[in-house]
Visitor: 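Sharing a structure below in structure tokens format, with a few things to ask.
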Amino acid sequence: VGLFVLNIGWHRLRGPTPDEAAALALVEAPVAKPQGRNAFALTWLFSKDVAEADIEELAARDVEYARNSTIGSNEKLQFSSAQLSDLDLPKSGVAALCDSYPEKCLNLVRKNLEATRELLAKHDQLVKRAASLEDYEYFRSEFPRRFSMPVIYSMPSQQLRIGRLALMFVDGERNEAIAGVCRNLSMWRRFG
């Protein structure tokens, strides 16, 4: 027991080695804000019925409310955007809705061609928003780092985008579809 305590004491007193100190400094260094436009606002209000021009301002209001609120982690935040109506999101499990597997998505679209066209036409505004996410350089949540803050992720946005690209491919717009897939992959790399 004495040797164990002595060993622990020795390592505590001597501090980190130079390599450990360098690693700690790297971990504790502030992260520089990425350059370009943040997709946070569009992702946060992706499914809300709001004009594109108002998205940034409304998201900024929600962020300001979150920063000024003292709500505990077990209470629901009342964002101003909660008062907005939701756009009609596609239901999960719909036969024409693609998942993240391209080969299955192409087969799905081929088997359900008209249903896919109808689904994408019905959700045209969301399809356009999903494509516009690719124009942003990065994604960082602007909410304070607290347990009570919502996690932002919109699976329908990706499903609609991949479905649209698959339909383009099946309809013969292959170069455009492949270019779109490349842009989409590039976006997820930047966001990740």
Side-chain angles (χ1 to χ4, degrees), residues 33-63 79-143 149-192:
K33 184 177 179 182
Q35 298 298 309
R37 295 184 325 147
N38 187 358
F40 165 78
L42 181 57
T43 307
W44 172 240
L45 298 173
F46 181 80
S47 62
K48 293 294 184 179
D49 189 9
V50 60
E52 307 299 318
D54 298 333
I55 287 177
E56 294 286 334
E57 180 188 333
L58 289 168
R61 266 194 252 155
D62 284 350
V63 168
F79 295 108
S80 60
S81 63
Q83 309 307 316
L84 299 170
S85 58
D86 290 322
L87 293 171
D88 182 30
L89 286 171
K91 308 287 185 266
S92 60
V94 173
L97 190 61
C98 284
D99 57 20
S100 59
Y101 302 102
E103 66 281 351
K104 290 181 183 177
C105 186
L106 285 173
N107 290 333
L108 181 80
V109 169
R110 285 184 182 116
K111 288 178 186 172
N112 303 291
L113 199 55
E114 288 311 309
T116 301
R117 283 188 212 289
E118 288 173 19
L119 178 81
L120 295 173
K122 180 181 178 185
H123 301 289
D124 186 57
Q125 185 177 4
L126 293 174
V127 171
K128 288 176 182 171
R129 281 187 182 176
S132 72
L133 280 170
E134 295 165 7
D135 296 330
Y136 290 83
E137 283 73 34
Y138 69 99
F139 171 81
R140 296 290 184 278
S141 176
E142 294 180 8
F143 288 132
M149 295 297 110
V151 175
I152 304 165
Y153 179 70
S154 182
M155 181 52 111
S157 69
Q158 183 64 0
Q159 291 173 320
L160 289 167
R161 180 63 176 147
I162 294 300
R164 175 68 185 118
L165 293 170
L167 182 62
M168 289 170 65
F169 190 87
V170 169
D171 283 347
E173 299 174 58
R174 294 187 171 186
N175 290 337
E176 296 87 347
I178 291 171
V181 168
C182 291
R183 280 178 47 87
N184 189 264
L185 284 171
S186 177
M187 173 198 75
W188 283 108
R189 278 191 179 154
R190 290 190 312 271
F191 286 13

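Along the sequence shown, the residues carry numbers beginning at 1.
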Visitor: Any side-chain to backbone donor/acceptor pair from D49 onto S85? Under 3.5 Å, distance only.
Guide: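 Checked: no pair found.
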Visitor: Working to the nearest 0.5 Å, report the span between CG of L42 and OG of S157.
Guide: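 Between L42 CG and S157 OG, I get 8.5 Å after rounding to 0.5 Å.
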Visitor: Excluding sequence neighbours, so at least two apart, what forms side-chain hydrogen bond (donor to acceptor under 3.5 Å, both in side chains) with S81?
Guide: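 Residues passing side-chain hydrogen bond (donor to acceptor under 3.5 Å, both in side chains) with S81: D62.
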Visitor: Could you list the residues that satisfy side-chain hydrogen bond (donor to acceptor under 3.5 Å, both in side chains) with D124, not counting sequence neighbours?
Guide: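 By the side-chain hydrogen bond (donor to acceptor under 3.5 Å, both in side chains) rule, D124 matches K128.
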Visitor: Kindly write out the residues that satisfy ring-ring contact (aromatic ring centres under 6.0 Å, His included) with F143, not counting sequence neighbours, or none if the list is empty.
Guide: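 For F143 the ring-ring contact (aromatic ring centres under 6.0 Å, His included) partners, ignoring immediate neighbours, are F40, W44, F79.
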Visitor: Does this structure show an ion pair linking E118 with K122, if we count only N-O contacts that are shorter than 4.0 Å?
Guide: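 Between K122 and E118 there is no salt bridge, as every charged N stays at least 4.0 Å from the carboxylate O atoms.
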Visitor: Can you tell me how far CG of L185 sits from CE of M187, rounded to the nearest 0.5 angstrom?
Guide: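 Reported value, rounded in 0.5 Å steps: 9.0 Å.
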Visitor: In chain order, what residues pass the side-chain hydrogen bond (donor to acceptor under 3.5 Å, both in side chains) check against D86, with sequence neighbours excluded?
Guide: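 In terms of side-chain hydrogen bond (donor to acceptor under 3.5 Å, both in side chains), with neighbours along the sequence ignored, D86 is linked to K48.
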Visitor: For E52, give me all partners under side-chain hydrogen bond (donor to acceptor under 3.5 Å, both in side chains), at least two apart in sequence or on another chain.
Guide: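 R129.
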Visitor: Show me, pair by pair, the donor-acceptor contacts under 3.5 angstrom made by side chains of residues 160-169, not counting sequence neighbours?
Guide:
residue, atom, partner, partner atom, Å
R161, NE, E134, OE2, 2.8
R161, NH2, E134, OE1, 3.1

Visitor: How far apart are the closest heavy atoms of F191 and Y136, and which atoms are they?
Guide: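 Scanning both residues, the minimum pair turns out to be CE1-O, 4.0 Å.
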Visitor: Between the main-chain N or O of L89 and the side-chain N or O of H123, is there a donor-acceptor pair closer than 3.5 Å?
Guide: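 Pair absent, no side-chain N/O of H123 close to backbone of L89.
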Visitor: Please name the residue in the list R140, E56, E142 that meets the side-chain hydrogen bond (donor to acceptor under 3.5 Å, both in side chains) test with N38.
Guide: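 Exactly one option meets the side-chain hydrogen bond (donor to acceptor under 3.5 Å, both in side chains) with N38, and it is E142.
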